[in-house]
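Since the structure comes first, as structure tokens, the remarks are kept for the end.
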2 protein chains.
Amino acid sequence: MADYDERNHERSCCPIACALDHLGDKWTLLIIRDLLLGKKRYQEFLESPEQIATNILANRLKKLEAAGLLTQQVYQKKPIRYEYVLTAKGEDLRMVLQTLAEWGRTYYPGTKVFTAHV
Amino acid sequence: MADYDERNHERSCCPIACALDHLGDKWTLLIIRDLLLGKKRYQEFLESPEQIATNILANRLKKLEAAGLLTQQVYQKKPIRYEYVLTAKGEDLRMVLQTLAEWGRTYYPGTKVFTAHV
DNA sequence: TAAAGTGACTTGCATTATACAAGCATATGC
DNA sequence: GCATATGCTTGTATAATGCAAGTCACTTTA
């Protein structure tokens with residue numbers, strides 16, 4: 001499984017660098033956003049307007065679980081299917097995403113925050 | 001210059017997605033961090049503990065300028081040399097970085113926020 | 001005055017990640 | 001049975017990243 005390895009990256013002892021080791025790409029935080037908005041299932045993530053590719057989604061879900069940001073929960077056996085739910089660590093990114101969304105709204109006019117459908 | 005192009009990415013009208021189009025990688029936010037801490041010059045960025053490669057640094061500085069997050073300012077002619085300073089748009093990421101640093105400090109114990117040396 | 005730095009990059013190349021399309025396994029509905 | 005759906009995996013092409021080395025225009029030191 002060369003596609004997903006779990007080393008300790010830790011480029012430095014800076015909390016921002018550590019955070020970016022796990023979150024620093026174009027897709028990971030969008031999945032967290034979806035989870036914070038109440039999405040739970042593979043298909044729901046695929047339906048987001050950014051159109052993530054299936055292999056990247058599968059890869060990020062694994063990495064997020066390995067990083068302790070979410071857990072899988074079985075919602076059906078035969079065939080086994082999972083829902084993805086945020087851990088406290090993942091939930092605590094809500095403020096980060098809110099602040100980032102605020103910045104984005106300010107500097108990219110025309111963008112709109114999606115609201116939770118819960 | 002295939003290494004640095006300036007299209008409008010805009011994967012969606014989500015402010016988070018727009019923000020990540022510009023900031024979503026392992027290095028960009030670390031450069032912003034350094035700028036917020038008062039660093040201004042190429043060599044200073046290279047000295048950060050994460051050890052960014054020179055080609056990536058040069059590339060990111062160009063992209064950040066193209067994205068309107070920083071500007072170059074000449075501090076010496078012969079040979080011409082620049083300092084990099086944040087625009088208001090860049091400065092306004094301070095809250096984002098602070099929130100992210102806070103999260104990182106919480107979940108990656110042992111990390112320490114660098115403080116401005118200004 | 002020649003040699004050795006220094007700062008700010010650029011270039012080349014190998015490795016890794018991303019994107020896109022297609023395929024597969026295990027179901028359910030008809 | 002056969003078509004359809006969900007949740008992935010695989011293959012392959014393109015792009016990004018990482019590392020080492022080189023360049024260019026000066027400045028400093030011997």
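All values reported here derive from a predicted model rather than from experimental measurement.
One interatomic measurement links the two molecules: CD1 of I52(B) to P of dA8(C), which rounds to 15 Å at whole-angstrom precision. What separates OH of Y75(B) from C1' of dA8(C) is a distance of 8 Å, to the nearest Å. Rounded to an integer number of Å, the gap from N59(B) CG to dT17(D) P is 7 Å. Protein atom NZ of K77(B) is 23 Å distant from nucleotide atom P of dC24(D), rounded to whole Å. One atom, NZ of K62(A), and another, C1' of dT10(D), lie 12 Å apart when rounded to the nearest Å. The separation between E44(A) atom CD and dA5(D) atom C1' is 15 Å, rounded to whole Å.
The cationic atom of R81(A) (NZ for Lys, CZ for Arg) does not lie both less than 6.0 Å from the six-membered ring centre of Y42(A) and within 45° of the ring axis. Figure legend: R41(B) and Y75(B) shown as a cation-pi pair, the cationic atom lying under 6.0 angstrom from the six-membered ring centre and within 45 degrees of its axis.
Comparing dG7(D), dT17(D), dC20(C) against the side chain of R81(A) picks out dG7(D) as the nearest. Taking every side-chain heavy atom of T54(A) into account, dT9(D) is the closest of dT18(C), dT9(D), dG7(C). Closest to the side chain of R60(A), out of dA19(C), dT18(C), dA8(C), is dT18(C). Ranking dG7(C), dA19(C), dT6(D) by closeness to the Q43(A) side chain, first place goes to dT6(D). Comparing atom distances between the I56(A) side chain and each of dT18(C), dT9(D), dT17(D) picks out dT18(C) as nearest. Closest approach to the A58(A) side chain among dC9(C), dT9(D), dT17(D) is made by dT9(D) (side chain taken as heavy atoms from C-beta onward). Residue Y42(A) has its side chain nearest to dG7(D) when only dA8(C), dA25(D), dG7(D) are considered.
Phosphate proximity of dG7(D) to K40(A): absent, as no side-chain N or O sits under 4.0 Å from OP1 or OP2. The phosphate of dA19(C) (OP1 or OP2) has a side-chain N or O of K26(A) nearer than 4.0 angstrom. In this model, the phosphate group of dA8(C) is not approached by any side-chain N or O of Y84(B) to a distance below 4.0 Å at OP1 or OP2. Side-chain nitrogen and oxygen atoms of W27(A) include at least one within less than 4.0 Å of the OP1 or OP2 phosphate oxygen of dA19(C).
Residues R105(A) and E102(A) are paired through a salt bridge, judged by an N-O separation under 4.0 Å between the basic side chain and the carboxylate.
There is a side-chain donor-acceptor pair under 3.5 Å between Y108(B) and H22(A).
W103(A) places a side-chain N or O within donor-acceptor distance of the main-chain N or O of K89(B), the cut-off being under 3.5 Å.
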